[in-house]
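Sequential numbering from 1 along the given sequence is applied to the chain's residues.
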Amino acid sequence: SLPEGAQQRLCIARALALGPACLLLDDPTGSLDPAATARIEALLSALRSQLTVVCVTHSLQQAARVSQHLAYFDGGRLVGLITHRDLLRVYADRTRDAAMTIRAGEVMTTGVATVHPTTRLRDALETMIDNKYGCLPVVDEAGAIVGLITQFDLLKFAASIVRDLDEVEQVAMKLKR
């Protein structure tokens, strides 16, 4: 029988074997010792550059260590967002013991601008720029969150446009010959 930390890493590996665009985890370190927790957190941090990781956690300190954007929900409704920068700013101003008592409400931005799935990408980008957001929640008609546009998503999209333009340029060069 594998230790709990190894079992958790195995479960994550099995999910990754399917090649998902997004990994959904519910409190992946809840019952783990500190060493196993650190290994899972390192894995999650490394995975961020390859896919979207959505993780439910009850620890604001853990969220600060492994996330870039935190969506805070109450009863399924988006209440606010907390960025990694927000957490670093608050933790930098407090002692370690004082930082352990921080509540989400002390650092989150409320009244967050959102977009609908039918919103044009250009308008969503302008909302992100105008509000200085690193991510933008996408909500349905009922106000329930259905997605999140991140800076990484935008970089992937821009890279695909550049690749498409390169292909068009190559075709145009062949047609000129």
Side-chain angles (χ1 to χ4, degrees), residues 1-110 112 114-115 124 128 132-139 144-160:
S1 172
L2 293 172
E4 284 187 57
Q7 289 177 21
Q8 191 68 315
R9 289 192 309 277
L10 179 60
C11 288
I12 293 170
R14 289 176 65 194
L16 292 173
L18 300 173
C22 181
L23 186 62
L24 304 173
L25 303 169
D26 185 8
D27 205 11
T29 62
S31 63
L32 302 181
D33 62 67
T37 294
R39 285 193 291 278
I40 295 291
E41 289 177 357
L43 174 61
L44 297 179
S45 294
L47 289 172
R48 277 196 326 225
S49 65
Q50 301 164 32
L51 66 142
T52 300
V53 178
V54 177
C55 183
V56 174
T57 180
H58 301 284
S59 167
L60 196 55
Q61 290 77 22
Q62 179 179 58
R65 290 189 301 267
V66 301
S67 67
Q68 291 176 311
H69 311 289
L70 301 172
Y72 189 83
F73 295 91
D74 185 19
R77 292 276 198 199
L78 178 67
V79 175
L81 283 179
I82 304 170
T83 66
H84 190 248
R85 185 178 353 178
D86 294 332
L87 291 171
L88 291 176
R89 185 184 67 248
V90 170
Y91 284 121
D93 294 340
R94 300 190 186 202
T95 65
R96 186 182 189 309
D97 289 340
M100 298 302 277
T101 64
I102 294 173
R103 301 260 182 233
E106 296 177 54
V107 292
M108 83 174 145
T109 300
T110 57
V112 175
T114 61
V115 293
M128 289 178 77
K132 298 180 181 168
Y133 289 170
C135 65
L136 183 62
V138 181
V139 298
I145 193 163
V146 295
L148 191 66
I149 301 171
T150 67
Q151 291 172 334
F152 184 65
D153 295 328
L154 298 174
L155 286 173
K156 288 191 302 188
F157 181 68
S160 72

K.L.:
What residues, two or more places apart in sequence or in another chain, satisfy side chain to side chain donor-acceptor pair (under 3.5 Å) together with Glu4?
P.N.:
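Applying side chain to side chain donor-acceptor pair (under 3.5 Å) to Glu4 gives Ser31.
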K.L.:
Can you tell me how far the CG atom of Leu148 sits from the SG atom of Cys22, to the nearest 0.5 Å?
P.N.:
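Answer rounded to 0.5 Å: 10.0 Å.
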K.L.:
Specify the closest pair of heavy atoms between Met108 and Val79, including all atoms of both residues, with the distance to one decimal.
P.N.:
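Of all heavy-atom pairs spanning Met108 and Val79, the closest is CE-CG1, 3.7 Å.
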K.L.:
Can you name the residues that form a side-chain contact (heavy atoms from CB on, under 4.5 Å) with Leu155, not counting sequence neighbours?
P.N.:
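With sequence neighbours excluded, Leu155 shows a side-chain contact (heavy atoms from CB on, under 4.5 Å) to no residue whatsoever.
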K.L.:
Side chains of Leu154 and Ile149: closer than 4.5 Å at any heavy-atom pair?
P.N.:
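The answer is yes; the side chains approach within 4.5 Å.
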K.L.:
Please round to the nearest 0.5 Å and tell me the distance separating atom CG of Leu44 and atom SG of Cys55.
P.N.:
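That separation rounds to 6.0 Å.
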K.L.:
Below 4.5 Å, heavy atoms only, C-beta onward: do Leu23 and Val54 meet side chain to side chain?
P.N.:
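No; the side chains remain at least 4.5 Å from each other.
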K.L.:
If you compare all heavy atoms of Pro28 against all heavy atoms of Ile40, which two are closest, and at what distance to 0.1 Å?
P.N.:
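So the minimum-distance heavy-atom pair works out to CB-CG2, 4.4 Å.
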K.L.:
Just how far is it from atom OG1 of Thr37 to atom CG of Leu32, taken to the nearest 0.5 Å?
P.N.:
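Rounded to the nearest 0.5 Å, the OG1-CG separation comes to 4.5 Å.
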K.L.:
Please confirm whether the backbone N or O of Val66 pairs with a side-chain atom of Arg48, one donor and one acceptor, at under 3.5 Å?
P.N.:
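Yes: the side chain of Arg48 pairs with the backbone of Val66.
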K.L.:
Considering non-hydrogen atoms only, spot the tightest contact between Met128 and Gln151 and give its length.
P.N.:
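So the two residues come closest at CE-N, 4.4 Å.
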K.L.:
More than 12 non-hydrogen atoms from neighbouring residues, nucleotides or ligands closer than 6.0 Å to NZ on Lys156, yes or no?
P.N.:
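Yes.
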K.L.:
Rounded to the nearest 0.5 Å, what separation is found between the CG atom of Asp27 and the CD atom of Gln62?
P.N.:
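Going from the CG atom of Asp27 to the CD atom of Gln62 covers 7.0 Å.
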K.L.:
Which heavy atom of Leu136 sits nearest to which heavy atom of Ala124, and what is that distance?
P.N.:
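So the minimum-distance heavy-atom pair works out to CD2-O, 3.5 Å.
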K.L.:
What distance separates Leu16 CG from Arg14 CZ, expressed to the nearest 0.5 Å?
P.N.:
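Rounded to the nearest 0.5 Å, the CG-CZ separation comes to 12.0 Å.
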K.L.:
Calculate, to the nearest 0.5 Å, the distance between atoms CG and CD1 belonging to Leu25 and Ile12 respectively.
P.N.:
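The distance works out to 5.0 Å.
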